[in-house]
Amino acid sequence: MFYHVKELQFNARVSKPDPAFASLLLEQFGGPNGELKAAMQYFTQAFAMRQPHPDKYDLLMDIATEEFSHLEIVGATIQMLLGGINGELKNAADQAEIMQLLDGKAKKEDFIHNAMMNPQFLVVSGGGPTVTNSQGVPWSGSYVNANGDPTVDLRSNIAAESRAKIVYEYLMKFTDDPYVKETLNFLMTREVAHFQMFEAALETIQPNFPPGVLQSDPRYSNTYFNMSNGADVKGPWNEGKSPGLGETWQYIHEPFEHVVETNGMLDHKPTGTDRTTKSVEAQDKALSQERSKKVKAAVPTGENQWCEYPHNNL
């Protein structure tokens, strides 16, 4: 059950109208890394967690709800940056406030140029936020990643928070308004907070690497193929121990020769690892049974209901 509190989570302010930056800020309203995407992603992911992972359900619903509040902050900021455009568009007088704001041929031409990057922003919306990115591309459900496994979904969310943070960093470079920067800084910082929350939640699931259940084939899990000509570059991604499985990286200098010699990798043997095909099969079976048992135990057979009222003593 949702209800709306009219006060914003953060007191968004602007010092003056800035229609051009309002158009840019649409990226965080209806773009692929924006607040609506995050809200819908975490909201969607939460359903699969409700019964087998109620703690993750609570986390995802809390953060999803906060993301909706961030969407409201972004929308409010966009509206304030547009000033009184909605009213002025209804004013046919040439000396309307928006025309004064765009006083001079150069300013008007620049505004028209920016509008053509997203022509529907003002022409269709009438001076309000639209569920699009900064170029007018409509928001899409394809932005949402929900795979039904917490070790996968939480990693998707960590990546989503990282992308959202960097977009706010970039946006701050395109405005000189101290109030707007204050709002963007708050929103950027909450991305950092959510990143840490998802990271901490992931660590409560053990084992959580590799993502999912199946443990990966030890013949191929630590093999690095040198797939480009030129000077070789070495680093912790292809020498020393692998960070997840602790195996020794096997650097294949000549991938084509190696593929031919191993009959298309069919005869490639595990090297630099203590894991064997049999040990992995045993791990796969044990973890599969454990995870399956937990989900099945959480979902009753026959009649099922989402809630028991009340959850809290009111």
Side-chain angles (χ1 to χ4, degrees), residues 1-5 7-12 21-50 53 55-79 128-172 174 180-205 211:
M1 177 166 54
F2 289 86
Y3 70 94
H4 180 248
V5 177
E7 288 77 20
L8 296 178
Q9 183 188 21
F10 183 85
N11 189 15
F21 188 72
S23 181
L24 277 182
L25 194 53
L26 277 176
E27 200 62 38
Q28 291 301 77
F29 194 80
N33 300 304
E35 302 294 352
L36 179 59
K37 172 262 173 71
M40 292 306 300
Q41 177 158 308
Y42 310 155
F43 186 77
T44 303
Q45 290 175 353
F47 289 100
M49 306 298 165
R50 176 66 176 87
H53 308 284
D55 55 340
K56 308 304 184 296
Y57 172 86
D58 188 61
L59 169 72
L60 289 166
M61 280 297 186
D62 280 346
I63 299 181
T65 304
E66 185 180 354
E67 299 291 9
F68 279 118
S69 75
H70 293 174
L71 183 70
E72 186 176 16
I73 292 170
V74 173
T77 302
I78 290 171
Q79 190 66 53
T130 56
V131 188
T132 68
N133 69 5
S134 58
Q135 292 184 310
V137 178
W139 188 89
S140 170
S142 64
Y143 298 157
V144 171
N145 294 299
N147 294 101
D149 186 288
T151 66
V152 177
D153 284 345
L154 290 171
R155 283 183 168 89
S156 292
N157 298 349
I158 289 169
E161 297 292 335
S162 300
R163 289 191 294 269
K165 177 187 181 291
I166 202 66
V167 173
Y168 279 123
E169 281 193 36
Y170 294 154
L171 282 169
M172 281 193 273
F174 289 92
V180 174
K181 283 190 172 182
E182 188 178 53
T183 298
L184 297 182
N185 180 65
F186 168 78
L187 293 168
M188 182 198 73
T189 300
R190 291 307 297 164
E191 310 295 351
V192 176
H194 294 164
F195 181 107
Q196 295 177 94
M197 294 171 195
F198 289 133
E199 196 171 43
L202 179 61
E203 286 305 307
T204 65
I205 304 170

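Shown here for A76 and L8, the closest heavy-atom pair between the two residues is CB-CD1, 4.1 Å. The two residues L202 and T151 make their nearest non-hydrogen contact at CD1-CA, 3.9 Å. The shortest heavy-atom contact between N145 and Q45 is O-NE2, 2.8 Å. When all heavy atoms of A12 and I73 are compared, the closest pair comes out as CB-CG2, 4.2 Å. Between P129 and G75, the shortest heavy-atom distance links the atoms CG-O, 3.5 Å. Listed here is the closest heavy atom pair of A164 and Q28: O-NE2, 3.5 Å.
Relative orientation of the F2 and F68 rings is perpendicular, given thresholds of 30° and 60° on the angle between their planes.
Distance check, rounded to the nearest 0.5 Å: CG of L25 to CD of Q79 gives 12.0 Å. Considering CD of E7 and OG of S69, their distance stands at 13.0 Å, rounded to 0.5 Å. From F10, atom CZ reaches atom OG1 of T77 across 9.0 Å, with rounding to the nearest 0.5 Å. Taking OG1 of T189 as the start and OH of Y168 as the end, the distance is 11.0 Å to the nearest 0.5 Å. For the atom pair K37 NZ and S142 OG, the distance stands at 9.0 Å (nearest 0.5 Å). With rounding to the nearest 0.5 angstrom, the CG atom of D62 is 9.0 Å from the CE atom of M197.
The residue from Q9, E66, H70, E67 that alone fulfils the side chain to side chain donor-acceptor pair (under 3.5 Å) condition with R190 is E66.
In terms of modelled atom types and a separation under 3.5 Å, the side chain of N147 and the main chain of D149 share no donor-acceptor contact.
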*Report the C-alpha distance between Q41 and N157 in whole Å, list the side-chain angles of each, state the deciding distance to 0.1 Å, and finish with yes or no for side chain to side chain donor-acceptor pair (under 3.5 Å).*
CA-CA 8 Å; Q41 177 158 308; N157 298 349; 2.8 Å; yes
_As a quick check of understanding, evaluate side chain to side chain contact (heavy atoms under 4.5 Å, CB included) for L154 and I205, giving each step before the final call._
CA-CA 11 Å; L154 290 171; I205 304 170; 4.1 Å; yes
*Applying side chain to side chain contact (heavy atoms under 4.5 Å, CB included), run through F198 and L60 and close with a yes or a no.*
CA-CA 9 Å; F198 289 133; L60 289 166; 3.8 Å; yes
_Pair V167-M188, side chain to side chain contact (heavy atoms under 4.5 Å, CB included): steps then yes or no_ = CA-CA 9 Å; V167 173; M188 182 198 73; over 6 Å; no
*asked:* Is there a side chain to side chain contact (heavy atoms under 4.5 Å, CB included) between E35 and E191? Walk through the geometry before answering.
replied: CA-CA 10 Å; E35 302 294 352; E191 310 295 351; 3.2 Å; yes
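Side-chain contact check for E27 versus Y170: every heavy-atom pair is 4.5 Å or farther apart. With contacts defined as side-chain heavy-atom distances shorter than 4.5 Å, the pair H4/E72 qualifies. Between L187 and V74, the closest side-chain pair of non-hydrogen atoms falls below 4.5 Å. Residues I78 and F29 are in side-chain contact: their nearest non-hydrogen atoms beyond the backbone lie under 4.5 Å apart.
When ring centroids are compared, Y42 and Y57 stay outside the 6.0 Å threshold.
With respect to the salt-bridge test (charged N to carboxylate O, under 4.0 angstrom), the residues E161 and K165 do not qualify.
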